[in-house]
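Below: the structure, in C-alpha cells.
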Amino acid sequence: MKDLEKYQKKLQRYMDKSRYQHTLGVMYTAASLAMAYQYDIDKAMLAGLLHDCAKNVPHEKKLELCKKYQVEVTDIERENPFLLHAKVGAIIARKKYHVKDEEILHAIAVHTTGAPNMNTLDMILFIADYIEPGRDKAKNLGQVRKMAYQNLEHTVEKILSDTLNYLNGKSGRIDPTTELTYQYYKNRRELANEH
Ligand code: DGI
Ligand code: FE
Ligand code: FE
C-alpha cells in the first residue's frame, strides 16, 4: 500500500526511535492477527501504524484538540491526559493523515482502555499493541501471545485482567471504561460456558 510508506516517513519525524519501533511492531503484529482471523490486512496495518500518532502531543494540545473537534473528555482523562492519546490519535489520523475509514479511526480511539463489544479490528489492534515483539514487561506475555491466535475475546479479557491487576498495584486511577470492558468480556465468556 503506497499510503503506508508515506505515513511511515511522516510518523518517523514525529516519534522517537523506540516509539517508532513499537509502532512498526504493532503494525506487523496486527497484520499477522489479520491473517489468522481473515481480516483485511491493509486496514489492520494502517491502524497499527497510526495508533500512537498522538503519543507525543503535549497534554494541553490534546485537550485543545478534543474541545475543537467536540470529543468528550471524561474526568479521568482530564486527570490522566496520557489516556487521551487514543481519542486524539483518531482525530489526528482523520485530519492530518486523511484516514476516512471509520473502523480504523474507532480502533485507534479505543486502543488504550478497550470498549465493550469491540469489533474484530478493535480487538486486533488492542491485542497487537500488547503483544508486539518489542514488549517485554507485562507478565504472562508468552501465554497471551499464544492465546491471541486462538480466541480474540478471551485474549482481550486476559489482557484487561492483567492490566487491572497491574494498575491496582500502582497509584494511577483506573478508567471506568477499562473496568467495564473487562466485566463485559468476562460475562460473555461465563454466559457462553453455561450453554
Ligand atoms: O501507548 P502504549 O504505551 O503503546 O499502550 P497503551 O495505549 O495501551 O497504554 C498502555 C498503558 O495504559 C499501560 O501502562 C496501562 C495504561 N492503562 C490502561 N488502562 C488504563 C491505564 N492507565 C490508567 N491510569 N487507567 C486505565 O484505565
Ligand atoms: Fe497507545
Ligand atoms: Fe501502542
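Just follow the structure's listing: the first ligand is 1, and inside any ligand the first atom is 1. These numbers were taken from a predicted model, which means no experiment stands behind them.
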inquiry  = For E179, state whether at least one heavy atom is located under 4.0 Å from any atom of ligand 1.
reply    = no

message = Rounded to the nearest 0.5 Å, what separates atom CD in Q21 from atom NZ in K17?
response = 6.5 Å

ask   = How far is atom 1 (O) of ligand 1 from its nearest protein heavy atom, and which residue and atom is that?
value = K55 NZ, 2.6 Å

request  = Have a look at ligand 1 and work out which part of Y130, if any, has a heavy atom under 4.0 Å from it: side chain, backbone, both or neither.
outcome  = neither

query = Short list, please: which atoms of ligand 1 are under 4.0 Å from a heavy atom of H85?
reply = 1 (O), 7 (O)

task = May I ask you to identify, for D52, whether its side chain, its backbone, both or neither come under 4.0 Å of ligand 1 on a heavy-atom basis?
result = side chain

key: Atom name in D52, limited to N/O/S, at shortest distance from the Fe ion (ligand 2)   = OD1

query = Considering only protein heavy atoms, which is closest to atom 14 (O) of ligand 1, and at what distance to one decimal place?
reply = Y166 CE2, 4.2 Å

query = Backbone or side chain, does H111 get an N/O/S atom under 2.8 Å to the Fe ion (ligand 2)?
reply = yes

inquiry  = Considering non-hydrogen atoms of the protein only, which is the closest contact for atom 19 (N) of ligand 1, and what is the distance?
reply    = T178 OG1, 3.5 Å

inquiry  = For ligand 1, which is the ligand I care about here, please tell me if T113 has any N or O atom under 3.5 Å from one of the ligand's N or O atoms.
reply    = no

Interatomic spacing from CD1 in I124 to CD1 in I41 - rounded to 0.5 Å = 9.5 Å

message = Starting from atom 9 (O) of ligand 1, what is the nearest protein heavy atom, named by residue and atom, and what distance separates them?
response = T112 CG2, 3.7 Å

ask   = Does the protein put a heavy atom under 4.0 Å from atom 21 (C) of ligand 1?
value = yes

key: Nearest non-hydrogen protein atom, atom 12 (O) of ligand 1   = F82 CE1, 3.5 Å

task = Determine whether the side chains of H98 and D3 contain a donor N or O and an acceptor N or O closer than 3.5 Å.
result = no

ask   = Same cluster or not: are L121 and V99 linked, directly or through other Ile, Leu, Val, Met, Phe, Trp or Tyr residues, by side-chain heavy atoms under 4.5 angstrom apart?
value = yes

ask   = By number and element, which atoms of ligand 1 are closer than 4.0 Å to a non-hydrogen atom of D175?
value = 25 (N), 26 (C), 27 (O)

inquiry  = Tell me whether the Fe ion (ligand 3) has D129 as a neighbour, meaning an N, O or S atom of it below 2.8 Å.
reply    = yes

key: H85 and N56: side chain donor to acceptor below 3.5 Å   = no

task = Side-chain contact test, heavy atoms from C-beta onward, threshold under 4.5 Å: evaluate it for H22 versus R19 and give yes or no.
result = yes

ask   = Just checking, any donor-acceptor pair under 3.5 angstrom between side chains of Y166 and K170?
value = yes

ask   = Is it the side chain, the backbone, both or neither of L167 that has a heavy atom closer than 4.0 Å to ligand 1?
value = side chain

remark   = the protein heavy atom lying closest to atom 23 (C) of ligand 1 turns out to be R173 O, 3.2 Å

key: Minimum heavy-atom distance A47-I108, with the two atoms named   = O-CG1, 4.2 Å

ask   = Which bit of E77 is near ligand 1, meaning a heavy atom under 4.0 Å away: side chain, backbone, both or neither?
value = neither

task = Considering the heavy atoms of H22, write down every atom of ligand 1 situated less than 4.0 Å from one of them.
result = 4 (O)

key: H22 atom NE2 and H51 atom NE2 as seen from the Fe ion (ligand 3), angle to 10 degrees   = 100°

ask   = For atom 8 (O) of ligand 1, which protein heavy atom lies nearest, and how many Å away is it?
value = D129 OD2, 3.2 Å

ask   = Between E102 and R94, is there a side-chain N and carboxylate O pair less than 4.0 Å apart?
value = yes

query = Is there side-chain contact between K68 and I91, with at least one heavy-atom pair below 4.5 Å?
reply = no

query = With side chains defined as the heavy atoms from C-beta onward, is the minimum distance between F126 and L160 less than 4.5 Å?
reply = yes

ask   = Hey, are R78 and D75 close enough for a salt bridge, meaning a charged N less than 4.0 Å from a carboxylate O?
value = no

ask   = Judged by non-hydrogen atoms, does E79 sit under 4.0 Å from ligand 1?
value = no

Closest protein heavy atom to atom 15 (C) of ligand 1, given as residue, atom name and distance to 0.1 Å = T163 CG2, 4.1 Å

message = Quick check: do Y130 and T155 have side-chain heavy atoms less than 4.5 Å from each other?
response = no

ask   = Looking at M123 and M118, what are the two nearest heavy atoms and their distance?
value = CG-CB, 3.8 Å

ask   = How does R19 reach ligand 1, if at all, at less than 4.0 Å between non-hydrogen atoms: by side chain, backbone, both, or neither?
value = side chain

query = Are there protein heavy-atom neighbours of atom 26 (C) of ligand 1 below 4.0 Å?
reply = yes

key: Polar side chain donor-acceptor pair, T163 to Y182, under 3.5 angstrom   = no

